[in-house]
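Just so it is clear, the values below take in all heavy atoms, side chains as well, and ignore hydrogens, waters and symmetry mates.
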Amino acid sequence: MKALLLLLVLTVLANVPFGGCADSASCSHPPSKWCSSLYSAAQCGVLKQCLESNFTKLHHEKADRVEVALYYESLCPGCRMTLTQILLPTWVLLSDIMSLTLVPYGNAQEKPDGQKFNYECQHGEQECLGNMIETCLLNMTDAAYQIIYCMESSSDVIKAAQSCAQLHSPGLSWDSVTSCVKGDVGNQLMHQNALKTGALQPPHQYVPWVTINGEHTEELQEKALNSLFTLVCSMYKGPKIPACGGGGMHYRSYSHIE
């Protein structure tokens with residue numbers, strides 16, 4: 001707590017263009033919430049400080065949870081199936097012992113343009129838009145997983161976005177989502193996705209790309225797609241929970257880098 005207070009004081013006193021002084025017009029969060037998410041950090045002008053101090057991690061997350069991450073694209077058919085029929089249903093059942101990270105980027109390409117970045121996506125501009133919407137949602141609402149499930153289950157991912165958000169997070173202003181998608185905040189958040197994807201070891205060769213506790217092997221990928229439920233239950237080191245009983249389904253459909 002002392003470190004957080006010191007960070008906030010130094011941030012206000014620094015008064016520099018990047019992350020030094022919160023813009024009261026755009027920052028609607030109290031200082032105690034500035035580092036609660038990447039979105040609030042960027043909106044309040046303290047993204048650099050929050051990232052450096054690592055305050056964006058969920059402080060209540062159990063150390064022994066199995067960490068599952070999915071690197072994906074919003075319009076990739078195999079990614080959509082993995083999200084809606086394997087990953088998110090498993091997380092609903094095993095959220096007590098499983099942490100979930102979604103990184104919407106996949107095989108996209110990032111190109112610097114001054115202080116910002118432009119993106120080209122494997123399935124076109126609409127996929128870039130879907131990636132950006134889901135990225136903003138992940139950093140704006142606790143109901144992001146439910147909204148993304150709703151979007152990816154729909155016949156039209158993009159058109160379903162606003163209605164899915166209204167259904168699962170009625171208090172979320174769609175104007176604020178649009179502002180994130182079209183503005184500097186969304187651009188910064190997508191750049192973080194690009195960095196995370198680019199840092200994968202081994203480098204990703206296709207999507208969906210699954211990591212378990214930060215590790216990717218073909219064996220882990222196969223097990224995750226065959227039965228993520230069984231894999232998480234078997235890898236959890238804490239006391240077994242009643243839900244752990246095995247079973248699952250298998251689906252494989254990759255979009256390789258072109």
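- Counting heavy atoms of neighbouring residues, nucleotides and ligands inside a 6.0 Å radius, atom CD of Gln201 exceeds 12 of them.
- Among all heavy-atom pairs drawn from Val68 and Ile212, the shortest one is CG2-CD1, 4.0 Å.
- Here the side chains of Leu100 and Thr90 are not in contact, with every heavy-atom distance at 4.5 Å or above.
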TODO: Could you walk me through whether Leu189 and Leu138 pass the side-chain contact (heavy atoms from CB on, under 4.5 Å) test, one step at a time?
DONE: CA-CA 10 Å; Leu189 293 174; Leu138 286 165; over 6 Å; no
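- Between His168 atom NE2 and Thr141 atom OG1 the span is 10.5 Å, to the nearest 0.5 Å.
- Between Leu83 and Tyr149, every side-chain heavy-atom pair lies at or beyond the 4.5 Å cut-off.
- In this structure the side chain of Leu195 reaches within 4.5 angstrom of the side chain of His191, judged on heavy atoms.
- Distance alone, capped at 3.5 Å, is enough to place a donor-acceptor pair between the Ser163 side chain and the Ala160 backbone.
- Of all heavy-atom pairs between Ser154 and Cys150, the closest is OG-O, 2.7 Å.
- Residue Asp64 comes nearest to Gly238 through the heavy atom pair OD2-CA, 3.8 Å, listed as atom of the first residue, atom of the second, then distance.
- In this structure Asp156 satisfies the side-chain contact (heavy atoms from CB on, under 4.5 Å) test together with Ile158, Lys159, sequence neighbours excluded.
- Scored by the ring pair (Phe, Tyr, Trp, His ring centres under 6.0 Å) test, His204 finds no partners at all (sequence neighbours excluded).
- You'll find the side chain of Met151 reaches within 4.5 Å of the side chain of Ile133, heavy atoms only.
- Scanning both residues, Val181 and Cys136, for their nearest heavy atoms gives N-SG, 3.5 Å.
- The CG atom of Leu228 sits 9.5 Å away from the SG atom of Cys233 when rounded to the nearest 0.5 Å.
- Hydrophobic clustering of Ile, Leu, Val, Met, Phe, Trp and Tyr side chains at less than 4.5 Å, counting indirect connections, keeps Leu167 apart from Trp174.
- When atom types are taken as modelled, the side chain of Gln221 and the backbone of Val210 share a donor-acceptor pair closer than 3.5 angstrom.
- Counting only residues at least two apart or in different chains, side-chain hydrogen bond (donor to acceptor under 3.5 Å, both in side chains) contacts with residues 126-140 comprise Tyr72-Glu134, Ser74-Asn131, His123-Glu127, Thr135-Asn193.
- One distance of note links CE of Met235 with CD of Glu67; it measures 10.0 Å at 0.5 Å rounding.
- Side-chain atoms of Pro208 and Leu87, non-hydrogen and from C-beta on, never get closer than 4.5 Å to each other.
- No side-chain donor-acceptor contact under 3.5 Å links Lys116 to the backbone of Asp184.
- Taking all atoms of both residues into account, the shortest heavy-atom contact from Ile86 to Ala224 is CG2-O, 3.8 Å.
- At a threshold of 4.5 Å between side-chain heavy atoms, the hydrophobic network of Ile, Leu, Val, Met, Phe, Trp and Tyr places Ile241 and Met98 in one connected group.
- In this structure, SG on Cys121 lies 8.0 Å from OH on Tyr105, to the nearest 0.5 angstrom.
- Distance CD/Gln85 to CG/Leu225: 12.0 Å, rounded to 0.5 Å.
- Two residues are said to be in side-chain contact when any heavy atoms from C-beta on lie closer than 4.5 Å; Val177 and Leu137 meet this criterion.
- Residues Asn187 and Tyr119 meet the side-chain proximity criterion, which asks for heavy atoms closer than 4.5 Å.
- Within the 4.5 Å cutoff, no side-chain heavy atoms of Glu222 are placed close to those of Glu218.
- Among Ile147, Thr84, Thr82, Leu88, the single residue meeting the side-chain contact (heavy atoms from CB on, under 4.5 Å) criterion with Glu152 is Thr84.
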TODO: Under the side-chain contact (heavy atoms from CB on, under 4.5 Å) rule, what do Tyr71 and Thr211 come out as? Steps first, then yes or no, please.
DONE: CA-CA 8 Å; Tyr71 296 79; Thr211 66; 4.0 Å; yes
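- Although no hydrogens or angles enter the test, the distance criterion places no donor-acceptor pair under 3.5 Å between the side chain of Glu110 and the main chain of Phe117.
- Ring planes of Trp209 and His216: parallel class, angle under 30° (limits at 30 and 60°).
- Counting all heavy atoms, side chain and backbone alike, Ser95 lies closest to Val92 at OG-O, 4.0 Å.
- Going from atom OG of Ser169 over to atom CE of Met140 covers 9.0 Å, rounded to the nearest 0.5 Å.
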